[in-house]
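Model, not experiment: these values are computed from the prediction. Letters go in sequence order (proteins before strands), and every chain restarts at 1.
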Protein chains: 2
Amino acid sequence: MNDVPIKLSKFTGSIYRCTQVYANEILKQFGLTSGSYPYLLTLLSNDGINQNQISRELDIDKAMSAREIKKLIRFGYVEKEIDPEDARAYKLYLMEEGRSLIPEVLQAMNHWNNIITQGLNDQEKKELVRMLDIVLKEAKYYRCIQKSDA
Amino acid sequence: MNDVPIKLSKFTGSIYRCTQVYANEILKQFGLTSGSYPYLLTLLSNDGINQNQISRELDIDKAMSAREIKKLIRFGYVEKEIDPEDARAYKLYLMEEGRSLIPEVLQAMNHWNNIITQGLNDQEKKELVRMLDIVLKEAKYYRCIQKSDA
DNA sequence: ATTTATTAGTTGTCTAGTCAACTTTGCAGC
DNA sequence: GCTGCAAAGTTGACTAGACAACTAATAAAT
């Protein structure tokens with residue numbers, strides 16, 4: 001019996017929830033929430049991406065993305081225009097208003113990531129992120145697979 | 001600059017969401033959902049615990065716990081009785097009905113944890129869980145702290 | 001060229017989870 | 001004994017997110 005204890009799920013879940021609480025607290029000064037900041041940060045390095053692509057990038061349902069993007073547009077942080085090469089899709093762009101608050105958002109979230117990992121040394125931090133990356137790839141793959149072979 | 005990239009939050013979030021999708025899919029045969037199984041599993045090794053304690057144990061708001069426990073009681077999986085030593089609290093107990101489906105639930109969730117970590121060797125798996133434990137402790141601590149010093 | 005299958009986006013409905021306000025009970029201190 | 005104050009639980013209102021069903025547009029198949 002070589003089980004990775006179910007603790008992995010427990011820990012990632014609890015860390016996720018703590019992060020949401022922190023993010024909501026720290027981001028409300030910008031009118032943002034834990035649900036909206038990932039979209040802003042993703043757009044920063046993916047100008048012109050569409051909603052489906054950003055959904056896949058974040059592993060969040062496209063229904064959530066549609067509503068979240070709508071909110072960001074309402075706030076004037078993001079803009080969307082029809083993709084001239086595909087009339088179904090919208091290309092998303094950061095507006096100056098949105099781009100300007102990214103440094104603070106990024107700093108706040110980096111701060112959080114730094115303090116919650118302060119019990120690890122530099123080597124361990126790198127290892128942790130490396131391993132989570134590997135785990136996520138499998139999780140993304142099997143999330144879909146499992147449905148069919150039950 | 002020695003930042004743990006914000007990727008830590010991104011990865012834990014995505015892994016969490018994938019796990020929820022899997023859990024919902026695999027647990028629906030038992031009438032359970034991703035939200036209810038942690039309560040069952042926690043009760044297995046914490047007979048007689050109360051709702052506030054279980055909420056802290058799972059890092060989930062007590063409002064959620066109240067509603068989730070109510071559901072488990074309605075299903076006949078859990079029972080609650082007033083703590084004879086504290087009339088405010090209810091002591092929670094697993095019913096036979098609930099206890100009987102735990103092996104399958106546990107197996108399904110262990111399976112998930114095993115497959116998503118199959119890209120890691122045994123030593124790495126242990127390391128990962130150890131580090132997440134450390135990270136979670138800090139996250140739980142600072143989730144509260146940060147609110148006051150902003 | 002027309003059917004067929006995919007893909008982007010939207011909307012409705014549901015679960016997961018947080019926060020705030022409240023009630024009841026217990027536990028101080030005096 | 002009261003007068004606070006903290007803890008257990010509940011409820012309402014809200015955000016985060018998943019899933020299904022749908023429309024419209026593209027791509028593939030024949």
A:D59 CG to D:dA16 P: how many Å, rounded?
17 Å
Check the phosphate of D:dA7 against B:Q51, side-chain N and O only, distance under 4.0 Å to OP1 or OP2. Yes or no?
no
Here the distance between atom P of C:dA16 and atom CD of B:E25, to the nearest Å, is 14 Å
Salt bridge (charged side-chain N to carboxylate O under 4.0 Å, His left out) partners of B:R88, counting only residues at least two apart
B:D86
Rounded to whole Å, please give me the gap between NZ in B:K140 and P in C:dT18.
12 Å
Identify which one of A:N114, A:I15, A:T19, A:N113 satisfies the side chain to side chain contact (heavy atoms under 4.5 Å, CB included) criterion when paired with B:L8.
A:N113
Residue met sooner reading DNA chain C from 5', once A:N50 and A:Q20 are mapped to nucleotides:
A:N50
Donor-acceptor pair (no angle test) under 3.5 Å: B:R67 side chain, C:dG17 base
no
What is the nucleic acid contact for B:A63, judged by heavy atoms within less than 4.0 Å: base, sugar-phosphate only, or nothing?
base
Phosphate OP1/OP2 of D:dG9 contacted by B:N52 side-chain N/O (<4.0 Å)
yes
With hydrogens left out and only the distance checked, is there a donor-acceptor pair under 3.5 Å joining A:R88's side chain and the base of C:dT7?
yes
Contact class for B:S65 (heavy atom, under 4.0 Å): base, sugar-phosphate, or nothing?
nothing
Reckon A:K71 has a side-chain N or O less than 4.0 Å from the OP1 or OP2 of D:dT15?
no
OP1, OP2 of D:dA25 versus side-chain N and O of A:Y90: anything below 4.0 Å?
no
Please state how far atom CE in B:M64 lies from atom C1' in D:dG12, giving the value in whole angstrom units.
16 Å
Is the number of heavy atoms from other residues, nucleotides or ligands within 6.0 Å of CD (B:Q118) greater than 12?
yes
Do A:R17 side-chain and D:dT15 base share a donor-acceptor contact under 3.5 Å?
no
Joint hydrophobic cluster, B:L32 plus B:M95, side-chain heavy atoms closer than 4.5 Å:
no
Counting only side-chain N and O atoms of A:K80, is one of them less than 4.0 Å from OP1 or OP2 of C:dT10?
yes
With a non-hydrogen cut-off below 4.0 angstrom, is A:Q53 in contact with a base, only sugar-phosphate, or nothing?
nothing
Just how far, in rounded Å, is C1' of C:dA8 from CZ of A:R56?
10 Å
Residue pair B:M109 / A:S9: nearest heavy atoms and the distance that separates them:
CE-OG, 4.3 Å
Position toward the 5' end of DNA chain D (nearest nucleotide), B:K91 or B:N24:
B:K91
Phosphate OP1/OP2 of D:dG17: any A:Y16 side-chain N/O under 4.0 Å
yes
Roughly how many Å is it from CG in B:D61 to P in D:dT10, rounded to a whole number?
13 Å
Salt-bridged, A:K126 to A:D122, with N to O below 4.0 Å?
no
Write down the distance between CG (B:D86) and P (C:dT24), rounded to a whole number of angstrom.
16 Å
Does a side-chain N or O from B:T33 land closer than 4.0 Å to OP1 or OP2 of C:dA16, or not?
yes
Just the rounded figure in Å: distance from P of D:dA24 to NZ of A:K62.
15 Å
